[in-house]
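Just so it is clear, the values below take in all heavy atoms, side chains as well, and ignore hydrogens, waters and symmetry mates.
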Amino acid sequence: QVQLVESGGGLVQAGGSLRLSCAVSSRIFSLFDMGWYRQAPGKRELVARITSSGGKNYADFVKGRFTISRDNAKNTVSLQMSSLQPEDTAVYFCNAHFGRGRDDNYWGQGTQVTVSS
């Protein structure tokens with residue numbers, strides 16, 4: 001059983017910063033690829049990903065503003081967001097993916113990020 005809980009969302013003015021955190025309950029957290037997604041109409045779009053080996057990928061719209069990291073000792077993944085803009089307003093979701101002979105995905109309930117003009 002895998003559970004994910006996001007936190008850190010809130011209301012900020014344009015140009016401000018937030019740090020999102022995701023706590024994962026799993027005995028094999030270090031083996032998961034972890035990602036942050038945000039809700040768009042009809043779908044969730046990838047914001048950032050960090051693999052089990054530490055490799056990182058970012059969506060083009062991040063434009064160097066966001067940084068993803070993980071702490072395997074604490075079973076957490078974080079997303080540092082700076083230079084936030086109103087178009088970043090969304091519900092942000094934490095995702096865990098396990099391959100290795102399987103194709104399992106787990107999702108948190110999301111945390112709201114609102115950026116005012």
Side-chain angles (χ1 to χ4, degrees):
Q1 186 177 18
V2 179
Q3 294 182 346
L4 296 78
V5 180
E6 302 96 334
S7 62
L11 173 63
V12 297
Q13 294 183 348
S17 299
L18 283 174
R19 181 180 178 90
L20 307 183
S21 295
C22 175
V24 182
S25 177
S26 174
R27 297 176 64 185
I28 56 170
F29 170 78
S30 64
L31 302 182
F32 284 95
D33 295 338
M34 301 298 302
W36 284 98
Y37 292 71
R38 66 189 188 189
Q39 187 70 49
K43 65 177 181 180
R44 293 178 182 179
E45 61 183 358
L46 177 68
V47 177
R49 177 190 294 114
I50 183 167
T51 68
S52 60
S53 61
K56 300 176 182 180
N57 294 103
Y58 297 94
D60 289 341
F61 57 76
V62 170
K63 300 178 181 178
R65 299 178 295 128
F66 296 179
T67 301
I68 190 170
S69 61
R70 68 190 298 160
D71 187 338
N72 288 342
K74 298 180 179 179
N75 278 30
T76 58
V77 60
S78 298
L79 184 69
Q80 286 187 299
M81 306 184 295
S82 62
S83 301
L84 286 163
Q85 301 299 312
E87 54 264 36
D88 296 316
T89 295
V91 179
Y92 284 71
F93 294 88
C94 184
N95 167 264
H97 174 255
F98 182 79
R100 306 201 181 207
R102 305 178 64 88
D103 190 16
D104 300 333
N105 279 283
Y106 305 93
W107 296 90
Q109 294 300 308
T111 184
Q112 176 71 48
V113 172
T114 303
V115 185
S116 62
S117 301

Cluster question for you: counting only ILVMFWY and a side-chain heavy-atom cut-off of under 4.5 Å, with indirect links fine, are [X] and [Y] together?
X     : Y      : value
Val62 : Val115 : yes
Trp36 : Ile50  : yes
Tyr58 : Phe61  : yes
Leu20 : Val12  : yes

Could you give the distance from [atom1] ([X]) to [atom2] ([Y]), rounded to the nearest 0.5 Å?
X     : Y      : atom1 : atom2 : value
Arg19 : Ser17  : CZ    : OG    : 11.5 Å
Asp88 : Arg38  : CG    : CZ    : 5.0 Å
His97 : Arg102 : NE2   : CZ    : 10.5 Å
Tyr92 : Gln39  : OH    : CD    : 12.0 Å
Ser78 : Arg70  : OG    : CZ    : 11.0 Å

**Message:** According to ring-ring contact (aromatic ring centres under 6.0 Å, His included), who are the partners of Phe98, at least two apart in sequence or on a separate chain?
**Reply:** Phe32
**Asked** Excluding sequence neighbours, so at least two apart, what forms ring-ring contact (aromatic ring centres under 6.0 Å, His included) with Phe29?
**Response** none
**Item:** Verdict with supporting geometry, Val47 and Met81, side chain to side chain contact (heavy atoms under 4.5 Å, CB included)
**Value:** CA-CA 11 Å; Val47 177; Met81 306 184 295; over 6 Å; no
**Message:** Tell me whether the count of non-hydrogen atoms from other residues, nucleotides or ligands lying under 6.0 Å of CD in Gln109 goes above 12.
**Reply:** no
**Request:** Count the heavy atoms belonging to other residues, nucleotides or ligands that lie under 6.0 Å from CD of Glu87, then report whether that count exceeds 12.
**Result:** yes
Check: [Y] and [X] side chains under 4.5 Å, non-hydrogen atoms:
X     : Y      : answer
Leu46 : Asn57  : no
Ile68 : Phe66  : no
Met34 : Val24  : yes
Leu31 : Arg100 : yes

**Cys22 and its side chain to side chain contact (heavy atoms under 4.5 Å, CB included) partner, picked from Leu79, Val77, Asn75, Val5** = Val77
Is [X] reaching over with its side chain to a backbone N or O of [Y], donor-acceptor style, under 3.5 angstrom?
X      : Y      : result
Tyr37  : Lys43  : no
Thr111 : Ser7   : no
Thr114 : Thr89  : no
Asn95  : Trp107 : no
Glu6   : Gly110 : yes

**Message:** My understanding is that only residues two or more places apart in sequence, or in another chain, count here; which of them pass side-chain hydrogen bond (donor to acceptor under 3.5 Å, both in side chains) with Ser53?
**Reply:** Thr51
**Fill in**
Tightest non-hydrogen contact, residues Asp33 and Ser52, listed as OD1-N, 2.8 Å
